[in-house]
Amino acid sequence: MRLVFLGAPGSGKGTQAAKLREHFDIAHISTGDLLRAAVKEGTPLGLQAKAVMDAGQLVSDEIVLGMLEERLARPDTAKGFILDGYPRNLAQADALEGLLARLGQPLDAVVKFEVPNEVIVGRCEIRYAAEGRADDHPETVRKRLAVYAEQTAPVAGFYQARGRLVVVDGVGPVDEVFQRIVSALPAR
Ligand code: AMP
């Protein structure tokens with residue numbers, strides 16, 4: 001099963017990806033996690049990405065695509081994967097189509113999480129208190145939501161036009177949202 005999770009920051013993509021990963025025995029690939037690991041390690045790429053991430057902006061398409069390509073080459077993706085946080089703009093969606101076509105691994109579905117902004121802001125405040133992620137600061141969350149609306153939201157139309165978009169209500173208990181996702185996925 002090869003999936004993309006699409007949704008605003010704090011819409012539950014990471015939480016649900018962890019559950020689906022277990023359910024289908026597939027890899028969970030979060031480009032945000034890959035970038036945070038690079039920042040922590042202090043790699044040149046990480047140093048470059050940090051300021052952009054802290055400002056709530058998008059890291060360059062080239063850097064993220066390179067990281068993703070490397071990650072997809074690892075053996076734990078054999079049964080499939082969930083991309084959590086990629087693609088985040090139309091150029092990345094295009095690049096992903098090309099990459100997966102080359103690998104002979106087309107997507108089965110793109111799951112879009114629908115969560116109202118006021119719920120998102122509340123969830124990010126809780127995560128900020130718990131994890132202290134600089135980009136969960138309320139002001140940065142507003143910036144990230146604007147970036148999402150402007151650059152990432154159009155990606156849903158890209159996949160809808162290709163008949164692969166599944167829209168799921170992301171509000172409610174974690175297990176209920178999980179059941180909604182599983183029942184909305186195409187049968188394999
Ligand atoms: P996330 O954990 O998915 O919310 O990502 C945290 C931050 O990492 C984002 O706000 C961006 O700065 C950066 N990032 C993650 N994924 C991407 C991507 N696909 N393209 C560009 N920047 C990304």
Side-chain angles (χ1 to χ4, degrees), residues 1-38 58 64-65 67-89 92-93 95-97 99-101 103-117 119-120 122-124 126-127 130-131 133 135-136 141 144-145 148 152-188:
M1 179 70 79
R2 290 180 293 268
L3 303 171
V4 159
F5 276 8
L6 199 60
S11 61
K13 302 187 300 294
T15 303
Q16 295 297 334
K19 289 180 74 75
L20 255 87
R21 172 192 168 202
E22 293 273 310
H23 186 79
F24 289 117
D25 189 22
I26 55 181
H28 170 198
I29 302 177
S30 154
T31 45
D33 283 350
L34 292 175
L35 286 163
R36 279 185 289 276
L58 296 186
V64 186
L65 181 63
M67 288 180 84
L68 179 67
E69 207 163 344
E70 246 181 72
R71 181 63 185 85
L72 283 173
R74 294 206 346 222
D76 66 338
T77 60
K79 287 191 189 167
F81 51 77
I82 302 158
L83 298 186
D84 159 12
Y86 192 97
R88 259 191 161 80
N89 59 32
Q92 292 185 6
L96 183 64
E97 289 287 289
L99 173 59
L100 295 181
L103 297 174
Q105 297 185 350
L107 293 172
D108 293 295
V110 174
V111 180
K112 183 184 174 211
F113 290 64
E114 286 211 317
V115 179
N117 275 3
V119 176
I120 298 267
R123 286 184 184 177
C124 287
I126 292 170
R127 191 164 67 183
E131 298 174 22
R133 258 176 67 174
D135 60 352
D136 280 334
V141 167
R144 290 165 75 204
L145 285 172
Y148 179 82
T152 311
V155 173
F158 178 97
Y159 289 116
Q160 176 137 50
R162 286 161 178 78
R164 274 186 249 141
L165 190 72
V166 169
V167 180
V168 169
D169 175 6
V171 181
V174 170
D175 286 338
E176 265 176 40
V177 176
F178 175 73
Q179 286 308 327
R180 282 177 210 151
I181 297 170
V182 172
S183 30
L185 289 177
R188 297 207 78 212

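Quick note: residue numbers are just sequence positions, from 1. Only this structure's heavy atoms are used, side chains among them; waters, hydrogens and symmetry mates stay out.
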| query | Between Ile82, Leu83, Val4, Asp76, which is the residue that forms a side chain to side chain contact (heavy atoms under 4.5 Å, CB included) with Ile29? | reply | Leu83
| message | I'd like to know whether Gln16 forms a side chain to side chain contact (heavy atoms under 4.5 Å, CB included) with Val177, so could you lay out the CA-CA distance, the side-chain angles of the two residues, the decisive distance to 0.1 Å, and finally the verdict. | response | CA-CA 8 Å; Gln16 295 297 334; Val177 176; 3.5 Å; yes
| Close side-chain approach of Tyr159 and Lys112, heavy atoms under 4.5 Å | no
| request: Quick one: pull up CZ in Arg180 and CZ in Phe113 and give me the separation to the nearest 0.5 Å. | output: 10.5 Å
| task | Compare all side-chain heavy atoms of Ser30 with those of Arg36 and state whether any distance is below 4.5 angstrom. | result | yes
| request: Identify the two heavy atoms, one from Cys124 and one from Pro9, that lie closest to each other, and give their separation to 0.1 Å. | output: SG-O, 4.1 Å
| Heavy-atom side-chain contact between Arg71 and Phe81 under 4.5 Å | no
| message | So, taking the atom named CG in Leu99 and the one named CD in Gln105, what distance separates them when rounded to the nearest 0.5 Å? | response | 8.5 Å
| query | Should we count CZ of Arg21 as having more than 12 external heavy atoms under 6.0 Å? | reply | no
| said: I need the minimum non-hydrogen distance between Ala8 and Leu145, along with the two atoms involved. | reply: CB-CD2, 3.8 Å
| Do Thr152 and Arg88 have side chains that get closer than 4.5 Å, going by heavy atoms? | yes
| task | Could you tell me whether the side chain of Phe5 reaches within less than 4.5 Å of the side chain of Leu20, counting heavy atoms only? | result | yes
| Say you draw a straight line from CG of Leu6 to CD of Glu114; how long is it, rounded to the nearest 0.5 Å? | 10.5 Å
| query | Are Arg144 and Tyr148 in a cation-pi setup, meaning NZ or CZ lies under 6.0 angstrom from the ring centre and within 45 degrees of the ring axis? | reply | no
| message | To the closest 0.5 Å, what do you measure between CD (Glu97) and CG (Leu107)? | response | 6.5 Å
| Any side-chain heavy-atom pair of Leu68 and Gln92 under 4.5 Å | no
| task | Starting at CZ of Phe178, measure out to OG1 of Thr15 and round the result to the nearest 0.5 Å. | result | 12.5 Å
| Which pair of heavy atoms, one from Val166 and one from Ala109, lies closest together, and at what distance? | CG2-CB, 4.3 Å
| Say you draw a straight line from CG of Leu103 to CG of Leu72; how long is it, rounded to the nearest 0.5 Å? | 6.5 Å
| query | Can you check whether Thr31 reaches Met67 side chain to side chain, under 4.5 Å on heavy atoms? | reply | no
| Student check: side-chain heavy atoms of Leu185 and Phe24 closer than 4.5 Å | yes
| message | Is it the case that over 12 heavy atoms from other parts of the model lie below 6.0 angstrom from the CD atom of Gln160? | response | no
